[in-house]
Colleague: 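Quick one: structure below, then a few questions.
Side chains included, hydrogens not; waters and symmetry mates left out as well; all remaining heavy atoms used. Residue numbering restarts at 1 for every chain, and letters A, B, ... go by the order of the sequence lines. Just so it is clear, the model here is predicted, and its values are computed rather than measured.
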There are 2 protein chains.
Amino acid sequence: MTAPRRRMPKAQRMAQMLTVAEEIFAEQGYLATSMDEIAERVGVSKPMLYEYFGSKEGLLIGCIHRARTELRDKTAAAIAGAGSPEEFLRLGLRAFFEFIVDHQRSWALLRQEAAIAVPSAQEEVEGIRQQQTDMIGSVLVSFAPAIDPLEAEAFAEIVVGACERLAVWCERRPSVGPALATDYVMAVIWPGVAERLMKLPSPAQLA
Amino acid sequence: MTAPRRRMPKAQRMAQMLTVAEEIFAEQGYLATSMDEIAERVGVSKPMLYEYFGSKEGLLIGCIHRARTELRDKTAAAIAGAGSPEEFLRLGLRAFFEFIVDHQRSWALLRQEAAIAVPSAQEEVEGIRQQQTDMIGSVLVSFAPAIDPLEAEAFAEIVVGACERLAVWCERRPSVGPALATDYVMAVIWPGVAERLMKLPSPAQLA
DNA sequence: GCTCGTAACTTACTTCGAGTAACCTACTGT
DNA sequence: ACAGTAGGTTACTCGAAGTAAGTTACGAGC
């Protein structure tokens, strides 16, 4: 006497699968989770998951991709009105840490779990970082066009790495919210970045 | 006519297994590697691996643990003679990046692959970071005893995160060696850290 | 230089979960 | 009412983790 299994339009079913999978992966880890288990919790049979995502790996990538899109949109919206590089950085970091707090579980999944399993999930995770480094890199370049591109990239990587790590740390420190985390990162990196930008001609000077 | 399988004392066999496993894991990834494959390349049968390491997960943890120990020893040796916080940081970072270059493959394993699979491997990987943050944290505290411990921790996490990420980036940028990587990180973080330390009383002032 | 004890090893399984082939059924438009 | 199909299921195969029970190389003691 199981509940009568309702049919669903594809898009809706897919979203439901992603939500359930994200939750279980985050709870138990990718390896420890079986496709049967996910299927059961969705209320559907295993081959449906394969119909929608092709493989266990595909399902994982789907989860990551959805989160990636959401993070990108939120960050882009947050930095839209920024005027100075400092404001750009601060607003971007803030949006990032807020995203993490809202998605604690799936963030663990993205960062820690996803990477190991499968080269293609790895790529998807790298894609998230790429978004972030691109954003930061472009801010640096737009405010100091003469900067060595390699250096700009390195700076962006440093900032992204710092935030990722601090985000994980924040999970164990509930007293440290998005605002404080942002302050910590800015306190460490901003003087160094500002000092470097100062030495380079501004866009106005070059024009 | 396979080569006559030589027996070996336990310690030696164990080291050999770790070396082979580290190599194959790094090449193919943890999931894509089978225990039979490792066993074959060691020249031994699968149950031997289980005799020595208990499980596939155990073998992975063994690999990580060995690398962790090596990294700790090298870093500790490198910073032994440092006098100022800046010198501490610089020498420590340098040792870290040099370790990475020497262990490119296994570093990928440690950072990316290991984390996903298994909570206990996750702990081992966290242990590596813990060593690093402890080291940095203790440097900060020894030079500025009045610093808020939470802030010191956050700073340490930020620096470790920055280095981890930059290390991954360096793999794709062979032109960026340990020296340049160290310079980049110091350029970004040192002004901020120095500024913060300056505001606090020195150990001498407190004594 | 034989033989006894055991550390080091193997063969031959069981089990479990990813992935698949082939078939089924509720809903839609006509 | 009925046909067509989107959405779904049952019942398998296959490969790899893990294990039980048996086997062999090798040094110690006589």
Side-chain angles (χ1 to χ4, degrees), chain A residues 1-22 24-25 27-64 109 113-114 116-121, chain B residues 1-22 24-25 27-63 113-114 116-121:
Chain A
M1 278 304 106
T2 59
R5 289 177 174 165
R6 293 281 317 146
R7 295 196 163 196
M8 251 184 209
K10 271 205 163 176
Q12 195 179 335
R13 183 64 91 193
M14 193 156 170
Q16 183 202 12
M17 286 172 171
L18 285 174
T19 302
V20 170
E22 187 177 309
I24 306 192
F25 281 150
E27 264 170 31
Q28 314 185 343
Y30 176 77
L31 281 185
T33 303
S34 77
M35 290 296 266
D36 282 307
E37 198 179 346
I38 297 172
E40 195 189 352
R41 208 137 119 188
V42 171
V44 106
S45 68
K46 184 168 62 169
M48 276 287 93
L49 292 175
Y50 284 90
E51 173 75 20
Y52 280 72
F53 295 99
S55 66
K56 190 181 180 186
E57 183 178 329
L59 180 54
L60 176 66
I61 293 174
C63 293
I64 300 169
L109 164 72
E113 309 266 341
I116 182 187
V118 281
S120 33
Chain B
M1 275 302 110
T2 61
R5 288 178 173 165
R6 292 286 317 150
R7 296 197 162 195
M8 254 186 206
K10 271 207 164 176
Q12 195 178 334
R13 183 64 92 192
M14 193 156 169
Q16 183 203 11
M17 285 173 172
L18 285 174
T19 302
V20 170
E22 187 176 311
I24 306 192
F25 280 149
E27 262 169 32
Q28 313 186 344
Y30 176 78
L31 282 184
T33 302
S34 78
M35 290 296 266
D36 281 306
E37 197 179 345
I38 297 172
E40 195 191 351
R41 208 136 117 190
V42 172
V44 105
S45 68
K46 185 169 60 169
M48 276 288 94
L49 293 175
Y50 284 91
E51 173 76 20
Y52 281 72
F53 295 98
S55 65
K56 191 181 179 183
E57 181 177 330
L59 179 54
L60 177 66
I61 292 173
C63 293
E113 308 268 339
I116 181 186
V118 279
S120 34

Colleague: Taking the side chain as everything from C-beta on, heavy atoms only, tell me whether A:Ile61 gets closer than 4.5 Å to A:Phe53.
Modeller: no
Colleague: For the pair made of CE in A:Met48 and C1' in C:dA21, what is the distance, rounded to whole Å?
Modeller: 13 Å
Colleague: Of all residues at least two apart in sequence or in a different chain, which pass the side-chain hydrogen bond (donor to acceptor under 3.5 Å, both in side chains) check with A:Glu27?
Modeller: A:Arg41
Colleague: Do you know which two heavy atoms are closest between A:Lys56 and A:Thr33, and how far apart they sit?
Modeller: NZ-O, 2.8 Å
Colleague: Using atom CD of B:Gln12 as one end and atom C1' of C:dA8 as the other, report the distance to the nearest whole Å.
Modeller: 13 Å
Colleague: Tell me: CD of A:Glu40 to P of D:dG8, nearest whole Å?
Modeller: 16 Å
Colleague: Categorize B:Phe53 for me: base, sugar-phosphate, or nothing, with a 4.0 angstrom heavy-atom threshold over every strand shown.
Modeller: nothing
Colleague: Rounded to whole angstroms, how far apart are CD1 on A:Ile38 and C1' on C:dG17?
Modeller: 12 Å
Colleague: Rounded to the nearest Å, what distance is computed from the CE atom of residue A:Met14 to the C1' atom of nucleotide D:dA6?
Modeller: 15 Å
Colleague: In this structure, how many angstroms lie between the P atom of D:dT10 and the CD atom of A:Glu51, rounded?
Modeller: 16 Å
Colleague: The criterion is side-chain hydrogen bond (donor to acceptor under 3.5 Å, both in side chains); which residues satisfy it with A:Glu40, sequence neighbours excluded?
Modeller: none
Colleague: Please report the shortest heavy-atom distance between B:Leu49 and B:Ala39, naming the atom on each side.
Modeller: CD1-N, 3.7 Å
Colleague: Could you tell me which residues satisfy side-chain contact (heavy atoms from CB on, under 4.5 Å) with B:Tyr50, sequence neighbours excluded, listed by chain and number?
Modeller: B:Met35, B:Lys46
Colleague: Kindly write out the residues that satisfy side-chain hydrogen bond (donor to acceptor under 3.5 Å, both in side chains) with B:Gln16, not counting sequence neighbours, or none if the list is empty.
Modeller: B:Arg13
Colleague: Please determine whether a side-chain nitrogen or oxygen atom of B:Arg13 lies at a distance below 4.0 Å from atom OP1 or OP2 of C:dA7.
Modeller: no
Colleague: Please enumerate all residues that pass side-chain contact (heavy atoms from CB on, under 4.5 Å) together with A:Ser55, with sequence neighbours excluded.
Modeller: A:Glu57
Colleague: For nucleotides 16-19 of chain D, which of its nitrogen or oxygen atoms have a protein nitrogen or oxygen under 3.5 Å away, and what is each distance?
Modeller:
residue : atom : partner : partner atom : Å
D:dA17  : OP1  : B:Thr33 : O            : 3.3
D:dA17  : OP1  : B:Lys56 : NZ           : 3.1
D:dA17  : OP2  : B:Met35 : N            : 2.9
D:dA17  : N7   : B:Lys46 : NZ           : 3.1
D:dG18  : OP2  : B:Tyr50 : OH           : 3.1
D:dG18  : OP2  : B:Lys56 : N            : 3.0
D:dG18  : N7   : B:Lys46 : NZ           : 2.9
D:dG18  : O6   : B:Lys46 : NZ           : 3.0

Colleague: Could you work out how much the helix from C:dG1-D:dC30 to C:dT30-D:dA1 bends, comparing the axis of its first five pairs with that of its last five, to 10°?
Modeller: 10°
Colleague: Rounding to a whole Å, what distance do you find between A:Met8:CE and C:dT25:C1'?
Modeller: 17 Å
Colleague: Applying side-chain contact (heavy atoms from CB on, under 4.5 Å), can you list everything that pairs with A:Thr19, at least two apart in sequence or on another chain?
Modeller: A:Arg66
